[in-house]
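The structure under discussion appears below in the form of structure tokens.
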Amino acid sequence: MAEQARKNSLWRTFHDKFVVEERFMEPAARKALYRTAMVLIAVGALLFIATLVGVLQSNTGPWGLDESIRDWLLSLRSESLTAVMIFLAVVFGPVALPIIVLVVTVVWGVAAKHAWRPIVLAAAMLTGVVISQIILAIVQRSRPPVELMLFGADHTFSFPSGHVLGACDFLLVTTFLVFSRRKNRRTAAIGFVGAGIGVVLAALSRLYLGYHWLSDAMASVSLSLLILGAVIALDTWRTARIPGERITGELSKADAPGD
């Protein structure tokens with residue numbers, strides 16, 4: 001009996017720490033989150049389909065902007081700007097970004113009362129990597145000419161951009177998971193503006209350095225919107241409770257009205 005009680009206690013501790021995180025909100029607020037998730041998924045899907053069709057039909061992306069944007073960025077190249085863009089490419093690259101994500105998720109998971117959100121962040125990042133690798137292998141689009149690349153030759157496929165998708169997922173999903181628990185909308189708006197600026201900088205660095213076309217970055221942003229919408233829907237379904245609904249996590253009860 002004592003052993004069974006100990007196992008039940010361990011499971012309850014694991015369950016409350018890693019499986020559940022619940023919060024109360026008004027019914028209208030929860031519906032708004034679901035609507036936002038559906039809009040993001042729809043916009044992301046439509047934008048990705050439009051981009052993919054443009055790439056498959058003409059290899060110039062929708063609206064034929066790939067080469068004109070490339071030529072414009074080529075005209076802006078300078079030593080100082082190149083150094084900045086290389087720094088951004090390294091930060092959002094396949095070595096530094098996974099380390100940043102690992103540190104953030106581990107520290108967040110250990111320090112927080114619940115580990116639900118860092119787990120969701122890690123899952124969203126992994127989902128983005130898997131999806132991008134599958135699409136890369138299917139589409140097999142060539143990168144811009146190697147002689148235009150400023151940070152070493154890269155002969156892998158370019159659609160979508162892994163750098164941009166990783167940056168989008170990390171910045172957008174983290175911003176939502178952090179600010180969705182705060183009632184100050186101005187702070188949340190500032191957070192998403194900052195995330196948007198980071199996404200633009202990540203995309204510009206890849207285009208400027210000559211590794212991707214504009215449509216590669218557009219595809220990554222659209223996929224990230226899909227992932228963000230899925231995260232919002234999942235997080236709302238799992239954590240958002242309206243007054244009167246049952247709370248399943250012992251630690252979550254501390255957040256209930258009147259407790």
Side-chain angles (χ1 to χ4, degrees), residues 21 23 29 32-48 51 84-85 87-109 111-112 116-129 131-132 160-209 212 214-236 239-240:
E21 177 188 338
R23 55 204 169 103
L33 283 173
Y34 279 126
R35 284 197 300 269
T36 300
M38 294 304 104
V39 169
L40 287 171
I41 291 172
V43 170
L46 290 174
L47 180 59
F48 179 77
T51 306
V84 172
M85 294 301 179
F87 171 78
L88 291 171
V90 170
V91 169
F92 294 119
V95 176
L97 186 59
I99 294 174
I100 293 171
V101 173
L102 178 63
V103 171
V104 169
T105 53
V106 170
V107 172
W108 193 1
W116 167 257
R117 284 180 287 169
I119 289 174
V120 170
L121 173 61
M125 296 297 298
L126 182 60
T127 300
V129 171
I131 290 175
S132 67
S161 168
H163 283 71
V164 177
L165 182 57
C168 286
D169 286 345
F170 179 66
L171 294 172
L172 295 178
V173 172
T174 301
T175 300
F176 165 74
L177 292 174
V178 170
F179 291 103
S180 61
R181 271 55 173 180
R182 301 185 181 183
K183 297 181 179 180
N184 190 327
R185 293 187 177 181
R186 179 177 297 180
T187 304
I190 294 173
F192 275 106
V193 168
I197 293 172
V199 168
V200 171
L201 290 175
L204 280 177
S205 70
R206 299 306 290 163
L207 271 62
Y208 174 93
L209 293 173
H212 285 285
L214 174 64
S215 49
D216 299 335
M218 290 174 60
S220 297
V221 172
S222 64
L223 289 172
S224 189
L225 292 179
L226 275 166
I227 293 172
L228 177 61
V231 165
I232 293 175
L234 174 65
D235 181 65
T236 302
T239 72

Can you tell if the side chain of [X] reaches within under 4.5 Å of the side chain of [Y], non-hydrogen atoms only?
X	Y	result
Val104	Pro118	no
Leu177	Trp116	no
Leu225	Phe48	no
Phe192	Thr187	no
Met218	Leu214	yes
Asp216	Val164	no

Can you sort out the partners of Arg117 under salt bridge (Lys or Arg N to Asp or Glu O under 4.0 Å), two or more places apart, ordered by chain and number?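 Scan of Arg117 (salt bridge (Lys or Arg N to Asp or Glu O under 4.0 Å), adjacent residues dropped) gives Glu21.
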
Taking only residues two or more places apart in sequence or in another chain, which ones pass side chain to side chain contact (heavy atoms under 4.5 Å, CB included) with Ala188?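 Ala188 satisfies side chain to side chain contact (heavy atoms under 4.5 Å, CB included) with Phe179 once adjacent residues are dropped.
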
Results of side chain to side chain contact (heavy atoms under 4.5 Å, CB included) for Val107 - residues two or more places apart only: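 Partners of Val107 under the side chain to side chain contact (heavy atoms under 4.5 Å, CB included) test: Val103.
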
Verify the distance criterion only: is there a donor paired with an acceptor across the side chains of Thr239 and Arg23 at less than 3.5 Å?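 Yes, side-chain donor-acceptor contact under 3.5 Å.
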
Ignoring hydrogens and angles, tell me if any N or O in the side chain of [X] forms a donor-acceptor pair with the backbone of [Y] under 3.5 Å.
X	Y	result
Thr105	Leu102	yes
Thr236	Ala233	no
Ser224	Ser220	no

